[in-house]
Structures are given as structure tokens and as C-alpha cells.
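Naming: A, B, ... by sequence-line order, numbering from 1 per chain. Small disclaimer: the values here were computed from a predicted structure and weren't measured.
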Amino acid sequence: MTTGQPLLSVRGIKTFYGKIQALHGVDLDVYEGEIVTLIGANGAGKSTLMMTVCGTPQARNGSVSYCGEDITYKPTYEIMRTGIAQSPEGRRIFPRMTVLENLMMGGMVAGNEHFEEDLRRAFELFPRLKERQQQRGGTLSGGEQQMLAIARALMSRPRLLLLDEPSLGLAPIIVAQIFDAIRELNRSDGLTVFLVEQNAYHALKLAHRGYVMVNGTITMTGTGKELLSREEVKAAYLEGGAH
Amino acid sequence: MSSWDNNPVLKVEHLTMRFGGLTAINDLSFNIGRGDITALIGPNGAGKTTVFNCITGFYKPTEGRLIMARSGGEKHLLERMADFKITADAKVARTFQNIRLFGGMTILENLMVAQHNPLMVASNWTIGGLLGLGGYKKSNVEAIETAKYWLERIDLIDRADKPAADLSYGDQRRLEIARAMCTGPELLCLDEPAAGLNPKESLELNTLLQYIRKEHDTSVVLIEHDMSVVMEISDHVVVLDYGVKISDGTPDFVKNDPHVIAAYLGVEDDEVGQVEEEVGI
Amino acid sequence: MDYFLQQLINGVTLGSIYGLIAIGYTMVYGIIGMINFAHGDIFMVGSFIALVLIVALGITAATPVLLLILALALVLVVAMALTAVWGWTVERVAYRPLRGSFRLAPLITAIGASIALQNFVQVSQGAKNKPLQPLFSGSFQLTDGGADGSGFIVNLSYIQILIVVTTVILMGGFTYIINNTNLGRSQRACEQDRKMASLLGVNVDRTISLTFVMGASLASVAGLMFLLYYGVIDFYIGFLAGVKAFTAAVLGGIGSLPGAMLGGLLIGLIETFWSGYFSVEYKDVAAFSILAIVLIFMPEGLLGQPEVEKV
Amino acid sequence: MQARQKDSLLVASVKDSLGGAIITFALACVMIGLRVDVASGRGAELFLEHRWLAVAAAVVIVFAGRFAMNVFFWKREDPPSLNLSGFLPKGGLSTGTSSVLKYALLGLAVVLPFALMFWLGARGSRQYIDLAILVLTYVMLGWGLNIVVGLAGLLDLGYVAFYAVGAYSYALLAHYFGFSFWICLPLAGILAAFWGIILGFPVLRLRGDYLAIVTLAFGEIIRVVLLNWYQFTGGPDGLSGIPRPSFFGLEFTRGEGGFASFFGLDYSSIHRIIFLYYLIFAMALFTNFVTMRLRRMPIGRAWEALREDEIACRALGINTTTTKLTAFALGAMFAGFAGSFFATRQGFISPESFTFLESAIILAIVVLGGLGSQIGVVIAAIVMIGGFEFFREFEEYRMLVFGMIMVVIMVWKPRGLISSRTPSVALSKNAKGISADLVQEGHG
């Protein structure tokens, strides 16, 4: 699976917020059809990496390429029209728009002709959203918002889906549902998924490959299973109770 | 009865905070022992920062009481006080998750601002100081001395005249703590002090916190995400999840509590055994 | 009672004009969080463009009614288009270079743009009042003043009907655009979360430009209405009308379109009733006091969203 | 993206310039090409004047200008503007240059009236001294507003209201009670400060633009009240016959007991002008002295901290309400002083002098000068007010240019001309200024 040209390729990117450097030269590849996860502690720079891929903020050094094309300095809206979609950290649902309108925003890039079909599929994936189509985004529960954020991203018919902490603040049962949906999308549609997670256990179980990020650099990489059994990973992220 | 219940510096009783329909904290009670380093931990979105905002007056709790007992014996009901009064009178100081320094002011100035209230008194509310009356000058020198003391502690004395925004992340964190200490607090609330720090900076932070606790008669309560930091330095751990307390005790007690493991792994309680087996912990 | 009815009619007419201007304020504030100080002057420019076009086309009260209406429709469309270019240019020159810069900078450029526009019109069109002969003079007489002629005669003039009807049509069309088109949704999306909008492929800069274009064209409609209703304009009308329309936007809840319309209506009514029953001199004090009171005691306005302080 | 890069420099420049030309045509065709004016002598009839040449000129100028800029600067890979910026001081002036400039300006201000007299004689120098008085008045107002906007970060668009309160306080106190200037000056300041507190109390919890708008509203309310309260304020006719100031009791009058005869000088009206000059100079220096001194005191540091981060201030136990109020009141007090000076200088005041435009100009001086920078205010006042007066011949175009310059300077230097902040306290002797990029501008 990890042969040929990667779909997304990140090389040596350094990103700054003002004077503070958040990424210190990150290399990372995502191949077509994979689920790749990036795990790391709060503030490690995972979300920054994901946003840098989308060009907001832009990297100061290094390059991001997608399908072999350099997109490092493209404006965000152009990047998002090339088949990349993101469900960002904190979900960022438009709170004063209805669920349906949120999905329409997601579908704008894809145009109108597939809208009905895509909508039907989104509702199949997350039936809860169908019940709540006319409800405003801000009134949804956390889990529903997360579902909406993913569905909204899917409405643009992406080749590469970027998911930033879909499990954040959600009850385990909802997390399980969402991860099932991701697995299903990958298996049946061949959707490539790049997943940022703090919830390392589930993420590594789901992913084909994983990267571990500490303080803005990648410290480890391997298949999900490999990383799950590495002592360092365990120590850092599964230290919940027992040693 | 644990040590923190004998002589608590802060008693949180039945604290509840609702935003609209959302209950961020639900009937939360715990004690912060005097002289302890207490850690408030829990997964993201568990309501830790909301607890801090209630303690420091930025939110008014929907229900519940927060009783601050100063070492001199006076008691303050924090839920009834304006936020600035909580720092000024009840002697509770805090730092913020997303560091809030005065970036355009120098490091020294940041520490001087923190001594605003005593300096205002010394300057007779500006009037005396403006006219150049003696008392203010002396207090000003003392304030600079206090600032220097803390600058030496956090090893920034050489950069005292540099703008705070120029500091590295770790230095900013420690400066924010030093600034809070300049208000002379009896309870210091730190919101994720170790977030984004590298191991060396984490270590420096631990040293600073131990020092504060030992030398300054200040109790510390901190929010932390990273369990390893917490286990090392805290005397008492309170674990939150979904706005309720799921565990409360010594670090050793907490880290073996199945509820905590479940919350941290993001799995249901009854899954814990299976998951532990699977990953071999 | 009859006097009251007359004031009501006048107030609704005035309120329609304020409402049209207020939309420009509320949308721009909603989308980039700045008070477009030059918007009142865009309204004034729109009014002048309409005046020039009316004179250039030779429209007078003597023009046959059908032709008159067609010609005015033409004036309306051309004025909307040209004023939109003015609105676009102001945004492009004075605001866009400062996006993401310090908050005070665009405020100063807005004030600068306002001063420049006012004085540009003063230079190019002269400082004198420009009176326009009334184009429609007819009216419906709603009451006859009683049998003995001692009562108050309530008039509903054609021009008032024209203003209110045009406003209602435009508001309807505009609401449709905002609620049901991709452009409108993009605008609302930018308002609520600009970064997320760009993550969904929305060209934020273009959307903001279009917001200015829409606001300016509505302001030009208000300008034409103002010209027809009062029959006289000068280069300074933008300031007061602008402040009042802004008050309307704030009263209705800034960022909210129905709020702007409601606020416009209320300000129009308050102003006419205050003038009718209390004192004409202090009618501006009434408007300014409402602005202050609303901002102090309910800054979210009637239909706005309360802001939550983030710590 | 690629398609755009294929265009050669020339083609791209032509395209862009054509766009600019079309926009210019759309802007100009009606507003410049046709002018509606009232025919004199024919009642209120309107007639049209055609000026298509002006439109053509505008279009050509924009096309040519954009074309040149495109070819030489914007579209080039290596714009020469990069080299050009090397000549400009980075982040404003360095501390050294700034302090040299400060003393040079101070020295110049001290000797200015006599130097002018020496060169131009009493008659010839009068208009320049008058202009210098005007500039100094704006410097003082700018310094006063700088406390509110520059230090405390509170956006005040109604500052002129306090200027009006000061002016009317003096005029009315002198009119009804016959108080002299020297009694009224502090009273005017206190009254203005009092109004500052009254207006400030309800509005200071507002943030940002909302605060700006409410202060604008208050400014306008005060003006409209002054305009309509005939019995008390004389309405639009204003108040005249306001007493002139005296030099320690000596009036500037001809004959026995006047200033000239006391000092054995020949009477000249220039004495009073020079006295007014030094009066406003002293008042401005006093404003500056107090501000600089306060900056080094807890209250001043609290103002700046408030501008940097209000929430952090609250967490440090600072009462933000009273801190804001003191800034507001103090700024108002200096405006009050300046107002009573204005009244005594003019001898006549009316609401016309206190329009929103005045507030906008004062704010522009503060922001263009560089928020919080005292010397910046001086430079901006000289440029804006002095430059403005020098263009008196182009009466018609002056405000147009004024507005455009406000836009251009802000776009060019959003942080103002002098944009570095001096620390209020330092351990080392040679502490550097802080770049304005780091300094916040406040939220209130």
C-alpha cells in the first residue's frame, strides 16, 4: 500500500505563530487509500500541522504537496477545492445555520449535481443528522456536531479527508460510532483519511500507519499495531492508571 | 479522612455551572489542602478550566459555595466576590491556559503590574506619587526588588528589559507564574502549566512549583492533561470527567482507579480489563 | 388620532430608508467586525448619482407616468451598479490592505474615506444644496378632516407608497439571496467563522467584497428614495443618516438582517413621533440617546446574539 | 495559478491597468463627468455641466500610474521597493534619534516666536505664531487623548465633547460670574473630568467599536444640546466677548496698567499672541509631564496593562473599572484645559467648533503619530494641522486631500509614524524600545 507517489506529502515544514515556532521541520506521507493517524499530547503541534496542510497558516519553510502538486503557498480556498476536506479541531460548526445549511456549505465545492445523492449518503452514515436537519448547528450535542463536521467535510467529495480530534469531549460510545464510520468510509469508498488524535488507543487501532508527534517534531512512526505495543507510546499516552 | 480535608485552604462545595442548557460542572465538591500541590485532571472538555474560572471569579457559579480560608483565619466566599477582589483580597492568583502576558511590556513591567495594589496604596492613589512624596519611592524600589527576586528564580534576570512577547513558550509560562506570585497569593491556580513544554522546561517548571510550595507558604492547584507531570509532583489528585468528580485521592490511588483508566482510554468502564490485556498494561 | 396616523405613515417611510442603509452596516459589521464609517457617505454618493442621472435623463414632473416609472427604474439600476463600484473601491483601497492588521487602523481609514468622499462630492458637485422638483406630487387623502374641516387631514403620498413598496420588494429579494443562495450562505458562513468558511473552499476576500457591493447598492436605493422624498440633498447628508442607520442596525441587533429592518423602522418611527409630539430640535438627541442606551444596556440589540466572554 | 504565471510582465501589467482604468471610469463617469448645479437667477432649477475631459484625464492617469507601478514594482519578481525600504527607519525611530528629535523640537518651540519676530517682524510673523498656537493646541489635545487611546487602549470618538465642556465652562463662568481665566482654567478641567466620569461610568464596560460609537453619540448629544439651548449657550450664535487672559493680572491692553506699559514696552497686539503661544506651550508641556510621570507609576502601568490584556489585569487584582475611569477622566481634564484656552484665545465659541470632524482629527493625530507615542503626536500634529494650513490656497481640495492622506498613511504604516514603546521601568541603563508589533492596542 505504501508504494508509489504519496497522495499527500509533507517535507520539512516549519510553522510559526508570530514568533513562536510550532512545527520544527515535519516530514510525513499519506498514501492513497490509507488511514494514517498522528498522535501526540496537547500542544504538540498536531492541529498546526493539519492547518498548515490547508494553508492557514502557511509554512515558513518546507513544502506540502498533494497529488504531486506543490500547494504550500496556495490560498486556503483553492487548496480546499482540489479534493481535500477537513473536519477541524473544535468542529467549527456554523452555529446559526441549520444542519442542512451546514451540509450545503460543505457541498458547495462539489457543485449541485451530486448534492441530493451526497446528502442521502451522509444521512445514511449518520442517521441522527437526518432527524435534525432543520435544527441549528449550535443547538446540537457535541457528538452530533462532530458527526455534522465529518458529514460536512464529506459533502465536498474529497479524496483526502483530514480529521482533527473527532473524539474530543465525546462519550466513548459516540467515539466508537464515529470511528466505525471512518473505517466504513475507508473500506467501502477507498477514502484516504489523515486523523489527528489524542485518544491514542482507538486511533492506533483504526489506522494503518501512525506518527507520533512531540513538541513539533515527529518522533516515531510505524504501523498502528507496532506503535500500540511500543513502550514509549504506552508510557506517554496510556498512562491513565497502571504501569 | 485525608490530610487535605483537615485544613483546606479552599473548600469547593456542590459547585454547579450551567451555560444555557449545557451543564459544564455538576455538583462538584472537593477540598484543596493547605500547602499541598493539588492536581485537577481529566480528559479534554471535562470542565477543569470552568472550575478555575469559577474559583477566580470569571464565571459566577450557578450553584455551590467556594470557601477560601486565609492563613490568618479570615474566610472569603469566592462566589460572591468580583474577580479582581478575589486576587486582591482573598489572595487567589491564577495563570491561563493560553498564556496571557502583557506582551508589549517588558518582563520587569509585567511583574510590576502584578504589584499594582500595594503600590497604589503607597502612592496615595497616585496623588502622593505624582507630587513626589517619599513613601512611594521606597515602595517602588521594594517592588523592583521583589520583581528581581522572582526574575532570578525563573532565571530571566538578564532579560528583564525585553518584551514579554519575545520569550520562548516555556519562559512565558514561568513568567506568568512569577507574575501571579508577585500578587502574594495564598492559593495559586495554574491552568495547564506544562502544556507545550519540552522535557527540560517541564523539569524547570516542577522545580519552580516545589520551590513555591516550600518557600512561600502558597498552596498550588493545577490543571493538567499530561498525567506524568501530575504523578510526579502532586500530593492530591482530583479527576473530573463530564463535569463530575470520578476520583479523588493520592496519585497512587487515582492511577489505579478503574474509572480513571477508563476515562483516559476513552472506553467504557467494563472494557477496561479487555483493553489493558490487549495492550499489555 | 389622525395626527398619529400621519406620523405613523411618515415614520414608516423614513424607517424604510434607514432600514436600507442599516443593512449595509449590519452586514459589514457581521462579516468583518468593523463599523464602515464611510457607508453613510456611500449613501450620499448614491443619492448624488441618482440626482445626476435624473437630471441627465431630463426626468421632470411633466414626464408621462409610465415613462417616468420606467426612467426611474433605469436610474435605480444604474445608480445601484455605480454606487456598488464605489463601495467596492472603498473596501479595496481602504480596508482590505489592513485586514488582519491593528483594529484601529481600519477605523481611521474609514473615517478618512468618509472625509474624502464628502469632500470629493463637495468638490465635484459643489457645496450648494441641490433641490429637485417633486416628481410625484399626488397623494391619497385618507381622512377629510371631519365635516367641519377642523380635523387633521392625513395624506398618504404616492412617493411614500413607492418608497415603502420598493423597500419591501428589495428587502424580500435580499432576504432570499441571503437565506437561499450559495452567495448568501457563504456570507453567513464568513460571518460565523471565516476560517472554517475558507476551509470549505469559500473565497473569503471575494465574499467580503460582494458584501460591500450589496450594502452599497442598497444604500444607493436609499439615496434615491431620500432624494425623491425630501427633494433636496447636499454632500453632508451621509453623516446623520449614517449614524441613524447605524443606530438602527445596533438597535435591531448588529449582524442580523431582520434586525436591521426592524431597527430602521423603529428609529424612523421614534424620530417622527419625537418630532411630532416633543421637539424637532432635539430629534437627533433622541436618536443618539437611543444608540447609547441600547449599546449600554442591551448591546446585543433586539434580535442579535449575545456575546460570551472567553477566558 | 499557472495560467497567470504565463502572462508576461507586460501583458499582466496591461490587464491589471485596464481593470483599474475601467473601475476609474465607472467611478468617474457620473460623479466627475457630469455636475449638477443650481442655476443662479433661475430659481431652483438644476442644470448639467459636462466635464468629460476630466474623466478622460482621470482614466488615463490611473491607467498610466497602475501600469508604471505594475511594470516597476508590483508584478516584478524583484521589486525595487525592497531596496527603497532600506532607507526608511525600521519600526519607527530609534530611541537615540527620537530623543535628539525631542530636544530639537523642544528648543525650536521655545525660541519660535522670537525667531519668527526676528525674521518676519511683528506683523509678518503673526499668522505663523497663530498657526503654531493651533498646532500646539492639537498637540495638547493629542497628548490628552493619548492617555485614553494610546495608553489605556480605550477608543474615544467623542473626545471633542470634553473640549467643548472646557470651552463652554470658561465662557459661561466668565459670563455669569465674571471669573477670570486663571480661576476658570482649573474649574474647566475639573468640570470636564467630572463629565468624563459621568459619561465614562456607563460606557466603559463596552468594548472596541461599541465604545467608540457610544462616545461619538455622547459627543454629538452634547453638541446638539449646545446648539439648541439658546437661553443658556446662545445656540448656533455661540458666546462672544469671552475675556482674554491676563499676565498675572496684567491685561494685554493699550494704555495705563496694561502689560506693555507695565514693562515699559510699546503696545503691540503681538504681545498677547506671544503670551498665548507660551501659555499653550506651557499647558502642553504640563500635559506631557503629567502623562510621562504617570506612565512610571502604578496607575500608568495599569493603563498599559489594560490595553495589553484586560482579563489578565483582572486576574492580577486590578480594578479595571476605576482604572479605565481615571484614564477617561484625566484625558477629559486635559481636553477641558485646552478648551478653556481655546475659548480665551478666540474670544468667541460656538458649537461649530466642536463637531465630530474635530474628534476624528484628534484621533487621527494620535493614531497616525503612533499610539502611545508622545513625540509621534507632535509630528502628526505638525504634519496634519501645519500641512493643512499651508494648503490654504487650495481651500476646496484641502479636506479631500486630508481624508486621502489619512487613508494612505494608515495603509502604509498601520501602527503610525513612531511605533516603538519605551519601557516605563528598566533595570539596565540602555533598555531598548519595544517594537509596536508586540504592543496590543486594547479592546475597549
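Here the CZ-CG distance, from C:F246 to D:L216, works out to 9.5 Å after rounding to the nearest 0.5 Å. Atom CG of D:L48 sits about 11.5 Å away from atom CD1 of C:I54, to the nearest 0.5 Å. With rounding to the nearest 0.5 Å, the separation of CZ in D:F356 from CD1 in C:I115 is 7.5 Å. Within the model, atoms OG1 of C:T109 and CE of D:M404 stand 14.0 Å from one another, a figure rounded to the nearest 0.5 Å.
Neither the backbone nor the side chain of C:I293 comes within contact range of chain D; no heavy atom of the residue lies under 4.5 Å from a heavy atom of that chain. Heavy-atom distances place the side chain of D:V367, and not its backbone, under 4.5 Å from chain C. Using a 4.5 Å cut-off between heavy atoms, D:R223 makes no contact with chain C at all. Only the side chain of C:F37 comes within contact range of chain D, with heavy atoms under 4.5 Å apart. Interface residue D:I213: backbone and side-chain heavy atoms are both found under 4.5 Å from chain C. Residue contact with chain D, scored on non-hydrogen atoms closer than 4.5 Å, is absent for C:S114. Within the 4.5 angstrom heavy-atom criterion, no atom of D:V401 approaches chain C. Both the backbone and the side chain of C:I111 come within contact range of chain D, each with at least one heavy atom under 4.5 Å from a heavy atom of that chain. Looking at C:I296, both its backbone and its side chain come within 4.5 Å of chain D, counting heavy atoms on both sides. Contact annotation for D:L357: only side-chain heavy atoms (C-beta onward) come within less than 4.5 Å of a heavy atom of chain C.
In D:E352, the CD atom is not crowded: 12 or fewer heavy atoms of neighbouring residues, nucleotides or ligands sit closer than 6.0 Å. For D:W52, the CH2 atom counts as densely surrounded, since its 6.0 Å shell holds more than 12 non-hydrogen atoms of other residues, nucleotides or ligands. The number of heavy atoms from other shown groups lying within 6.0 Å of CZ (C:R206) does not exceed 12. Heavy-atom contacts from other residues, nucleotides or ligands closer than 6.0 Å to CH2 of D:W195 number 12 or fewer.
Contact of the D:E220 side chain with the C:F239 side chain is registered, since non-hydrogen atoms from C-beta on lie closer than 4.5 Å. Side-chain contact between C:I108 and D:L363 is present, with heavy atoms from C-beta onward closer than 4.5 Å. Contact of the D:Y397 side chain with the C:N119 side chain is not registered, since no non-hydrogen atoms from C-beta on lie closer than 4.5 Å.
Nearest heavy-atom pair, D:A217 versus C:F288, reported as atom, atom and distance to 0.1 Å: CB-O, 3.8 Å. D:V36 and C:Q125 get closest at one heavy-atom pair: N-OE1, 2.9 Å. In plain terms, the two heavy atoms of C:A94 and D:V411 that are nearest each other are O-CG2, 4.5 Å. Of all heavy-atom pairs between D:L400 and C:A116, the closest is CD1-O, 3.2 Å. Scanning both residues, D:P414 and C:L98, for their nearest heavy atoms gives CG-CD2, 3.7 Å.
With respect to chain D, the highest number of heavy-atom pairs below 4.5 Å among C:V243, C:V250, C:T83, C:V85 belongs to C:V85. Interface remark: of the candidates D:V224, D:I405, D:I221, D:L227, D:I221 forms the most heavy-atom pairs closer than 4.5 Å to chain C. Ranked by heavy-atom pairs under 4.5 Å with chain D, the list C:V285, C:L51, C:V52 is led by C:V52. For the set C:L53, C:T89, C:D284, the count of heavy-atom pairs under 4.5 angstrom toward chain D peaks at C:T89.
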Using a 3.5 Å cut-off and no angle test, enumerate the donor-acceptor pairs between side-chain atoms of residues 24-35 of chain D and protein atoms at least two apart in sequence or in another chain.
{"from": "D:T24", "atom 1": "OG1", "to": "D:G20", "atom 2": "O", "distance (Å)": "2.6"}
{"from": "D:R35", "atom 1": "NE", "to": "D:D37", "atom 2": "OD2", "distance (Å)": "3.3"}
{"from": "D:R35", "atom 1": "NH1", "to": "C:V123", "atom 2": "O", "distance (Å)": "3.4"}
{"from": "D:R35", "atom 1": "NH2", "to": "D:D37", "atom 2": "OD2", "distance (Å)": "3.2"}

**Request:** Using the side-chain contact (heavy atoms from CB on, under 4.5 Å) rule, take D:V38 and C:N129 through it: C-alpha gap first, then chi angles, then the decisive distance, then the call.
**Result:** CA-CA 8 Å; D:V38 187; C:N129 280 347; over 6 Å; no
**Request:** Might you work through the side-chain contact (heavy atoms from CB on, under 4.5 Å) test for D:F47 and C:V55, ending with a clear yes or no?
**Result:** CA-CA 7 Å; D:F47 72 98; C:V55 177; over 6 Å; no
